[in-house]
Amino acid sequence: MSDKFLPTNSYIGTRDFYPDDMRVRNWFFAKMRKVVESFGYEEMLGPILEPFDVFAAKSGEEIVNEQVYHFTDRGERHMAIRPEMTPTVARMVAAKSGEIRYPVRWYSIANFMRYERPQKGRLREFWQLNVDLLGESGLEYDYEILSVMVNLVKEFGADETMFKVKINNRRFYNDVMREVVNATPDEMKVISKAVDKRSKLPRDKYEEWLKDSGIPGAKIDRLEEVFGMSLSGLAGKLTGDSQGAKELTDLFGLIDKTGLAPYCEFDFSIVRGLEYYTGNIFEVYDLDPENRRALFGGGRYDNLIGLFKKAEVSGIGFGFGDVTFQNFLETHMLIPSDIHENNGVLITVFDDVDYSEYIRLSDELRVSGIKNTIYFGGNKKMGRQFQYAESMGIKFAIVMGGNELSEGKVIVKDMTTREQTEIKRAKFLEDFRKIFR
RNA sequence: GAGGGAAUAGCUCAAUUGGUUAGAGCAUCGGUCUGUGGCACCGAGGGCUGUGGGUUCAAGUCCCAUUUCCCUCCCCA
């Protein structure tokens, strides 16, 4: 009927997760779950579609129009596939803002789509752990989120030589720009883009770019001074009371008294793209020279709930994507090889035994919670069956041929040590549990 | 959106200036060997050379287009 087959590749920028891939993904999301739940966070989830306006309202319309997958549904509603989780979290909190108990500690693991050109560390579909803490704004909130971030990465065996959390503050950044650099609002927009270029371009190209964008030479010099200064130095330059400076210095004051100090540093060049951030912002960097890039980040958003309801709820959170993180785990060789082990049982079969005997054995194991399969291959030579078990990473094989059955026995074979143990068929489960583990 | 590289068996790769029937290793399957797997030997299957055009007596190889993948930039997390 068909002279042409359909292509088997997945849609551009998306991945097929075969069992081998799922094992890795499930492994690290399970670890992440364990960490965030140890901090008292509860899992939640929203729909994959939201009204387009939910994203358009806050992420900057240009970005949204270019990167969000959107369409009109049959009821003429303008819908979007979620490009991130935070607006959904804000919407759900707003919907129950009266009855909800604060602080809200929520997390989710979900997939997102953005229409981007795929490249290293960035695809069109990605999975992300999202962690949000909502209620009031305050030092203890900021510190807790920071601590969750650091402990997440540490959970995988990473130490302070592998990653660093760079911290800045939106209000502080604006204050410094206004008071120290004397930048006009228009100039600030240009400079916020220059920050990123500064680390990528050679110095002369970078300054040239700034000049071309209309920044006077004197301000470029002052900007350069600012980038070289410490937090306290910069804060001292500010004349009035700076809320941003206080938020930053308070946070670092607490960090220095706890175990987080080695993992954190102030970095004035961290700005973050999302427009809704208002206070402290965080960005986790891979310190490997081969992969010097931002792993994930987040920050405080004061006004997001206000999009949906008149309510004084501030939030802080971060998104932790699987693509960049898997790169991180691979470059630092933090993925254990034993996650590909099967941890199950293979029941080998023989032609001189009625098949129902194997079904009975399999059922007994399964009902008592032991994962097992019966060998299905056409070639029932024993060696072949053991080879199959080995290639599947199965740890135990059970041998019950006509000889064993007539003597009321079963042989349990440990595939790695090759040791065999005879146990009575009548006491099979009881005795097998002593061996299995 | 801009630029560069790549695409041949399930995987990793060969194939002389364009020249017989596109090969090898690994993997799979079968056998040596229906009752004990990592070894060895023998054998088999598996390809419209990403797709569509063009040049030529002749295209995996050259040209054009297209799709996808990788990398860099832009943008941005």
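By convention in this document, chain letters (A, B, ...) are assigned in the order of the sequence lines, proteins followed by strands, and residues within each chain are numbered from 1.
For the C1' atoms, the distance from B/G18 to B/G54 is 16 Å, rounded to whole Å. Nucleotides B/A7 and B/C11, compared at atom C1', are 15 Å apart to the nearest Å. Atom name C1', nucleotides B/U8 and B/U51: the rounded distance is 14 Å, in whole Å. The C1' atoms of B/C74 and B/G47 are separated by 40 Å, rounded to the nearest whole Å. Using atom C1' as the reference point in both B/U20 and B/C39, the two lie 39 Å apart (nearest Å). Using atom C1' as the reference point in both B/U16 and B/G23, the two lie 15 Å apart (nearest Å). Annotation: B/A6 and B/C64 have their P atoms spaced 13 Å apart (nearest Å).
The base of B/C76 does not come close enough to the side chain of A/R114 for any donor and acceptor atom to sit less than 3.5 Å apart. If you check distances only, the side chain of A/E404 does reach the base of B/G35 with a donor-acceptor pair under 3.5 Å. No hydrogens or angles were tested; on distance alone, nothing pairs the side chain of A/K120 with the base of B/U72 as donor and acceptor under 3.5 Å.
Side-chain atoms of A/Q67 lie closest to B/C75 of the nucleotides B/G37, B/G35, B/C75. Side chain of A/I12, nearest nucleotide from B/G35, B/U68, B/C74: B/U68. Distances from the side chain of A/M415 to the nucleotides B/C75, B/G37, B/G1 place B/G37 closest.
With a 6.0 Å cutoff to the six-membered ring centre and a 45° limit on the axis angle, A/R33 does not count as a cation-pi contact of A/Y107. In this structure, A/R91 forms no cation-pi arrangement with A/F308, as its terminal cationic atom is not both closer than 6.0 Å to the ring centre and no more than 45° off the ring axis. Both tests hold for A/R25 against A/F17: distance to the six-membered ring centre under 6.0 Å, angle to the ring axis within 45°. Figure legend: A/K164 and A/Y285 shown without cation-pi pairing, the cationic atom not lying both under 6.0 angstrom from the six-membered ring centre and within 45 degrees of its axis. Under the 6.0 Å distance and 45° angle rule, A/K413 counts as a cation-pi partner of A/F386. Cation-pi geometry between A/R425 and A/F428 is satisfied (NZ or CZ under 6.0 Å from the ring centre, within 45° of the ring normal).
Here the P atom of nucleotide B/U36 and the CD1 atom of A/I347 are 21 Å apart, to the nearest Å. For the pair A/Q385 CD and B/G37 P, the computed distance is 12 Å after rounding to whole Å. Distance CE (A/M382) to P (B/U34): 14 Å, rounded to an integer number of Å. Rounding to whole angstrom units, CD of residue A/Q119 and P of B/C70 are separated by 10 Å. Atom-to-atom, CD1 of A/I411 to P of B/G35 comes out at 14 Å; the value is rounded to the nearest Å. When the P atom of B/C76 is taken as reference, atom CZ of A/R124 falls 18 Å away, rounded to whole Å. A/N9 places its CG atom 9 Å from the C1' atom of B/G50, with the value rounded to the nearest Å. Taking atom CG on A/N327 and atom P on B/C70, their separation rounds to 11 Å, with Å as the unit.
Ring geometry for A/F328 versus A/F163: interplanar angle over 60°, hence perpendicular rather than tilted (30 to 60°). Ring geometry for A/F268 against A/F266 counts as tilted: the plane angle lies between 30° and 60°, on a 0 to 90° scale. Classification of the A/H78-A/H70 ring pair by plane angle, with boundaries at 30° and 60°, yields perpendicular.
Heavy-atom nearest nucleotides on RNA chain B were determined for A/Y285 and for A/S10, and the one closer to the 5' end corresponds to A/S10. In this structure, A/V284 and A/E419 both approach RNA chain B, and ranking their closest nucleotides by distance from the 5' end singles out A/E419.
Within residues 16-31 of chain A, no residue is approached by RNA chain B to less than 4.0 Å at the level of any non-hydrogen atom.
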Per-nucleotide pairing state of RNA chain B [Watson-Crick or G-U, under 3.5 Å; [ ] pseudoknot-crossing; | other strand]: (((((((..((((.....[...)))).(((((.......))))).....(((((..]....))))))))))))....
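Salt bridge present: A/R300 and A/D142 bring a charged side-chain N and a carboxylate O closer than 4.0 Å. Salt bridge annotation for A/D363-A/R360: absent, with no cationic side-chain nitrogen under 4.0 angstrom from a carboxylate oxygen. Ion pairing of A/D302 with A/R171 is present here, as a side-chain N (NZ or NE/NH1/NH2) and a carboxylate O approach within less than 4.0 Å.
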Test log, rule side-chain hydrogen bond (donor to acceptor under 3.5 Å, both in side chains), inputs A/E50 and A/T88: CA-CA 8 Å; A/E50 290 280 358; A/T88 299; 2.9 Å; yes
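Within 4.0 Å of A/G383, counting heavy atoms only, lie sugar-phosphate atoms of the nucleic acid but no base atom.
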Below 3.5 Å is the cut-off: list the nitrogen or oxygen pairs between protein and nucleotides 25-31 of chain B, distance only.
from	atom 1	to	atom 2	distance (Å)
B/C29	OP2	A/R384	NH1	3.3
B/G30	OP2	A/R384	NH2	3.3
B/G31	OP2	A/N379	ND2	2.9

